[in-house]
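In what follows, chains are A, B, ... by sequence order, proteins preceding strands, each numbered from 1.
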Amino acid sequence: DAGVTQSPTHLIKTRGQHVTLRCSPISGHKSVSWYQQVLGQGPQFIFQYYEKEERGRGNFPDRFSARQFPNYSSELNVNALLLGDSALYLCASSLIVGGTSIHEQFFGPGTRLTVL
Amino acid sequence: GNSVTQMEGPVTLSEEAFLTINCTYTATGYPSLFWYVQYPGEGLQLLLKATKADDKGSNKGFEATYRKETTSFHLEKGSVQVSDSAVYFCALTNTGGFKTIFGAGTRLFVKA
């Protein structure tokens, strides 16, 4: 079975540009979460989406936005890129049972974003 | 708000040594607790989990017990192997399951 997939694998942008990252969850998983992982640190929670609605949000500025599509895939958008946005962006999917996640998340390989 | 604190690394052990990686948390309600592992060149994967107080999660010889009275979820293994060399992350998911907080990670090196 296919795991969580993310595209692109690597991306180089310049300050002020916009970027869109994409994620496809494991088949049957209806929840997608996004994380930012700076080198040497733990993943920082950005968003969680379930059934196309935002269910959780971390402490990130409004430059960060996301959406989930009817097929449960998701996009993360970042506007007005800053040097500090350089990081590995991880997507994770999880199964939702009875409206509450059973909590185990399956992570994709990530998108490495470099902002110059 | 919720937070996770884990011991700083790196931790360097010889093969067959006993491993403990400390993790403490701050949370309201009834969070679920996790240990994730990131092997060199690979993505994050779940190692073990515990969803309520006094639960013990275990996998691949690793264990951790959800201690509500000490707000801890320490990771232990009786005899580490070189193949256990990786970065270990403690994490919690809040009640309702819609926000997960990770610790900073602890890098483990195991020498033959």
Margin query: Parallel, tilted or perpendicular, judged at 30° and 60°: which one describes the rings of A:F45 and A:Y35?
Written below: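 If you compare the ring of A:F45 with that of A:Y35, the planes turn out perpendicular.
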
Next item on the list: Classify the angle between the aromatic ring planes of B:F102 and B:F89 as parallel (below 30°), tilted (30 to 60°) or perpendicular (above 60°).
Entry: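 The arrangement is perpendicular - the two ring planes meet at more than 60°.
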
Item checked: Contacting region of A:Y49 [heavy-atom separation from chain B under 4.5 Å] ->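 Looking at A:Y49, nothing touches chain B.
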
Item checked: 4.5 Å side-chain heavy-atom contact, B:L46 and B:N59 ->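 SC-SC contact between B:L46 and B:N59 ruled out.
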
Notebook entry, point to check: In terms of heavy-atom proximity below 4.5 Å to chain B, should A:P109 be classed as side chain, backbone, both, or neither?
Noted result: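 Looking at A:P109, nothing touches chain B.
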
Checklist line | Ring geometry between A:H29 and A:F106 (parallel below 30°, tilted from 30 to 60°, perpendicular above 60°) | finding: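 Ring orientation, 0 to 90° scale: tilted.
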
Next item on the list: Sort B:Q38 into side chain, backbone, both or neither according to what part of it lies under 4.5 angstrom from a heavy atom of chain A.
Entry: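 For B:Q38, the side chain is the part near chain A, not the backbone.
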
